[in-house]
Enquirer: 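The structure is given below, and queries will be raised subsequently.
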Amino acid sequence: MFISVLNLFFAAVIVFLERRNVVVTWAWIMVLLFLPGVGFVLYLILGQNLSRRKLYKMKEEKRGRFHALIEAQRERFRESRINFHDPQMAYYKDMMFMNLTSGNAFYTQDNNLDIFPDGLSKFDALLEDIGKAEHHIHLMYFIVRNDLIGRKIVDALACRAREGVKVRFLYDHIGCSSLPKGFFDQLIASGGHVAAFFPSKLRYINFRVNYRNHRKLAIIDGRYGYIGGLNIGDEYMGLVPRFGYWRDTHLRLQGSAVLQMQAQFMMDWNLAAPYRAFYEDEKYYPHHSYNGKIGAQIVASGPDEELEQIKNGYIKMILAAKESIYIQTPYFIPDDSLLTALRMAAFAGVDIRFMIPSKPDHKMVYWATYSYLHDLLEAGIKCYLYERGFLHAKTIVVDGKVASVGTANVDIRSFKLNFEVNAFIYDTAAAHRLQRIFEADQENCRELTLEAYRKRPLLHRIEESFARLLSPIL
């Protein structure tokens, strides 16, 4: 009786007190009604919104360093006074303006870009840049493992900290829950600083399984910035047999876009750390003349914002497509707006190719992802299952001209619940390189046809249907 009353109470709270998406509301009501007791615990862990006080603190932090620059650039866009290094990028100026207006993403076009298709190349470059750092090293990762690459990174950071380089390491407390207690002791003893994002107040219990910092950023001296899908762990190096080769995409930027990455790190650090970094300190925003020609915007999104900036950026890219859209994501749980945009583009004759891993790392999420493939296949979208190892890349390439690479999956969790960050790249040459990587990955894929999809076993259909019902809260 008590559990039934408790379930009804929480159902009332969800419906009447919390301003949620209607689909999410019904999903939680179903969990509470069909899983008495268990549903209550799940709601405590997964269903809470961020407090208004914390939201206010996060929003206030964002009104800082780039406010005047953003306002000035808005005027330049309105008055068509932006001269594009790549003339073809003028077609996307409305997308740039949208990201600038809704996400405070300053447009820069003096950047150089390196693309890493796996962890081996990315971590080699990162360790080299760490070794050359002169003033500061800022790292932020969702997952850090106590393994070969994890310890190697921390050892390198401790070495630089002992030599006077300012080192800050921000990690997500849930993502790094398996780390031993003293993992960062060497770094801290060497003068480095470490902070956990939204840590547990009770040992082994964290009521913020949602609202995790899923961002992966590394900023070296304010000059080099890393962004993409790779966390720190041996599996991301392809060294864990369960996954085999780990296909991911990570970027290394050099240019003014790195300063936006720096500002994002500082905001996240100041939210999580016991002491604040000097957000406005000019030493963290060095002035350099860069010879790059690549346009970029660093777009962040999270539960601290009413708008879903990265999702809106994805939709804008999709609707701008004239010829092709190439998408890679490990998880695909779209809302109606994104699914509608993909269908519209497909019905308009755009060549859409969609790639996910053939093996799951999270079964419930994978079943939900697989259920949505039917919607894509019926619209004429080509679906590919990556079989060489595990595909973890979060990449969209449109018309071989613009692209997005970052931490956000194409799912509701990334759009609404997690703190994410993506680089939107405006450059024909860079987009072509990412498109060629996709085409090379196709050689390691099995194409899933609508006919083959319809022949899947009955058990798979049941699993997919159940997972899809819960997909808004997965």
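The figures that follow rest on heavy atoms only: side chains count, while hydrogens, waters and symmetry mates do not.
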Enquirer: Taking Asn111 for the side chain and Ile294 for the main chain, is one N or O donor matched with an acceptor at less than 3.5 Å?
Expert: yes
Enquirer: Between atom OG of Ser301 and atom CG of Asn312, what is the distance when rounded to the nearest 0.5 Å?
Expert: 9.0 Å
Enquirer: Which pairs count as side chain to side chain donor-acceptor pair (under 3.5 Å) when at least one residue sits in residues 390-402, sequence neighbours excluded?
Expert: Gln88-Lys401, Asp248-His392, His392-Lys394, Lys394-Asn409
Enquirer: Between Asp234 and Arg145, is there a side-chain heavy-atom distance shorter than 4.5 Å?
Expert: no
Enquirer: May I ask you to decide if Leu139's main-chain N or O and Arg168's side chain share a donor-acceptor pair within less than 3.5 Å?
Expert: no
Enquirer: Closest heavy-atom contact between Gly222 and Tyr290?
Expert: O-OH, 4.0 Å
Enquirer: Side chains of Leu100 and Phe77: closer than 4.5 Å at any heavy-atom pair?
Expert: yes
Enquirer: I'd like to check Phe84 versus Lys93 (side-chain heavy atoms, cut-off strictly below 4.5 Å). Are they in contact?
Expert: yes
Enquirer: Apply side-chain contact (heavy atoms from CB on, under 4.5 Å) to Cys383 and Leu373, showing your working.
Expert: CA-CA 7 Å; Cys383 295; Leu373 297 187; 4.3 Å; yes
Enquirer: Between Glu387 and Asn444, is any side-chain donor less than 3.5 angstrom from a side-chain acceptor?
Expert: no
Enquirer: Under 3.5 Å, is there a donor-acceptor pair between the side chain of Tyr226 and the main chain of Ala125?
Expert: yes
Enquirer: Return yes if a side-chain donor-acceptor contact under 3.5 Å exists between Asp124 and Ser121, otherwise no.
Expert: no
Enquirer: So which atom in Met261 and which in Ala218 form the shortest heavy-atom distance, rounded to 0.1 Å?
Expert: CE-O, 4.5 Å
Enquirer: Check whether any side-chain heavy atom of Gln109 sits under 4.5 Å from a side-chain heavy atom of Tyr107, and report yes or no.
Expert: yes
Enquirer: Nearest 0.5 Å, what's the OH-CD1 distance between Tyr211 and Ile174?
Expert: 13.5 Å
Enquirer: Mind checking the NZ-CG spacing from Lys216 to Asp172? Nearest 0.5 Å is all I need.
Expert: 10.0 Å
Enquirer: Return the CD1 to CD1 distance between Ile425 and Ile298, rounded to the nearest 0.5 Å.
Expert: 6.5 Å
Enquirer: Do Tyr370 side-chain atoms and Val365 backbone N/O form a donor-acceptor pair below 3.5 Å?
Expert: no
Enquirer: Taking Phe97's backbone N and O only, do any of them form a donor-acceptor pair with Asp94's side chain (distance below 3.5 Å, no angle check)?
Expert: no
Enquirer: When you measure from the side chain of Asp110 to the backbone N and O of Ser289, does any donor-acceptor pair fall under 3.5 Å?
Expert: no
Enquirer: What closest approach, in Å, do Asn422 and Ala408 show between heavy atoms, and which atom pair accounts for it?
Expert: OD1-N, 3.2 Å
Enquirer: Identify the two heavy atoms, one from Ile318 and one from Ala341, that lie closest to each other, and give their separation to 0.1 Å.
Expert: CG2-O, 3.4 Å
Enquirer: Decide if the gap between the ring center of Tyr171 and the ring center of Phe184 is smaller than 6.0 angstrom.
Expert: yes
Enquirer: Is there a donor-acceptor contact under 3.5 Å linking the side chains of Ser414 and Lys311?
Expert: no
Enquirer: Working to the nearest 0.5 angstrom, can you tell me the gap between Lys382 NZ and Leu377 CG?
Expert: 12.0 Å
Enquirer: In plain terms, say whether Arg242 and Asp361 are close enough for a salt bridge, that is, a side-chain N and a carboxylate O under 4.0 Å apart.
Expert: no
Enquirer: So Val258 and Ile219, side-chain contact (heavy atoms from CB on, under 4.5 Å) or not? Walk me through it.
Expert: CA-CA 7 Å; Val258 177; Ile219 301 99; 3.9 Å; yes
Enquirer: If you look at every heavy atom in Ala379 and Ala346, which pair is closest and at what distance?
Expert: O-CB, 3.4 Å
Enquirer: Would a distance-only check, ignoring hydrogens and angles, find a side-chain to backbone donor-acceptor pair under 3.5 Å from Thr407 to Gly229?
Expert: no
Enquirer: Inspect the contact between Lys132 and Asp221 and indicate whether a charged nitrogen and a carboxylate oxygen are less than 4.0 angstrom apart.
Expert: no
Enquirer: Can you confirm whether His193 sits close enough to Trp269 that some side-chain heavy atom of one is under 4.5 Å from a side-chain heavy atom of the other?
Expert: yes
Enquirer: Kindly state whether the ring of Phe354 and the ring of Phe332 have centres lying under 6.0 angstrom apart.
Expert: yes
Enquirer: If only side-chain N and O atoms count, and only distance matters, is there a donor-acceptor pair under 3.5 Å linking Asn112 with Asn291?
Expert: yes
Enquirer: Can you measure from CG (Asp114) to CG (Leu253) and round to the nearest 0.5 angstrom?
Expert: 8.5 Å
Enquirer: Is it possible for you to check whether Arg456 lies under 6.0 Å from the centre of the six-membered ring of Tyr453, through NZ or CZ, and within 45° of that ring's axis?
Expert: yes
Enquirer: Is there a donor-acceptor contact under 3.5 Å from the side chain of Asn418 to the main chain of Glu420?
Expert: no
Enquirer: Report the residue from Gln442, Glu447, Gln435 that forms a side chain to side chain contact (heavy atoms under 4.5 Å, CB included) with Arg353.
Expert: Gln442
Enquirer: Between Leu170 and Asp268, is there a side-chain heavy-atom distance shorter than 4.5 Å?
Expert: yes
Enquirer: Under 6.0 Å from the ring centre and within 45 degrees of the ring axis: does the NZ or CZ of Arg388 meet both conditions for the six-membered ring of Tyr245?
Expert: yes
Enquirer: Give a yes or no on whether a salt bridge exists between Arg343 and Asp375, defined as a side-chain N under 4.0 angstrom from a carboxylate O.
Expert: yes
Enquirer: Tell me, with the steps shown, if Val410 and Tyr314 meet side-chain contact (heavy atoms from CB on, under 4.5 Å).
Expert: CA-CA 9 Å; Val410 186; Tyr314 285 172; 4.2 Å; yes
Enquirer: Can any side-chain N or O of Gln260 pair as donor or acceptor with the backbone N or O of Phe106 at less than 3.5 Å?
Expert: yes
Enquirer: Could you walk me through whether Tyr92 and Lys316 pass the side-chain contact (heavy atoms from CB on, under 4.5 Å) check?
Expert: CA-CA 9 Å; Tyr92 302 101; Lys316 189 67 174 174; over 6 Å; no
Enquirer: With no hydrogens and no angle check, just 3.5 Å: does a side-chain donor-acceptor pair link Asn231 and Tyr236?
Expert: yes
Enquirer: Tell me, with the steps shown, if Phe123 and Phe116 meet ring-ring contact (aromatic ring centres under 6.0 Å, His included).
Expert: CA-CA 9 Å; Phe123 286 113; Phe116 304 112; 9.5 Å; no
Enquirer: Are any side-chain N or O atoms of Gln309 and backbone N or O atoms of Ser102, one a donor and one an acceptor, separated by less than 3.5 Å?
Expert: yes
Enquirer: Side-chain contact, heavy-atom cut-off 4.5 Å: Leu417 with Pro303?
Expert: no
Enquirer: Is the NZ atom of Lys359 crowded by more than 12 outside heavy atoms at less than 6.0 Å?
Expert: yes
Enquirer: Would one find more than 12 heavy atoms of other residues, nucleotides or ligands at under 6.0 Å from atom CD of Glu439?
Expert: yes
Enquirer: Does any non-hydrogen side-chain atom of Phe438 lie less than 4.5 Å from one of Ile396?
Expert: no
Enquirer: With ring-ring contact (aromatic ring centres under 6.0 Å, His included) as the rule and sequence neighbours excluded, what pairs involving residues 125-157 come up?
Expert: His135-Tyr284, His136-His138, His136-Tyr284, His138-Phe265, His138-Tyr284, Phe142-His214
Enquirer: Of all heavy-atom pairs between Ala156 and Leu127, which one has the smallest distance, and what is that distance?
Expert: CB-CD2, 3.9 Å
Enquirer: Among all residues two or more places apart in sequence or in another chain, which pass the salt bridge (Lys or Arg N to Asp or Glu O under 4.0 Å) test with Glu378?
Expert: Arg454
Enquirer: Determine, using ring centers only, whether Trp246 and Phe243 are less than 6.0 Å apart.
Expert: yes
Enquirer: Using a strict 4.0 Å threshold on nitrogen-to-oxygen distance, state whether Arg247 and Asp118 make a salt bridge.
Expert: no
Enquirer: Would you kindly check if the NZ (Lys) or CZ (Arg) of Arg468 is within the cone defined by 45 degrees around the ring axis of Tyr372 and under 6.0 Å from the six-membered ring centre?
Expert: yes
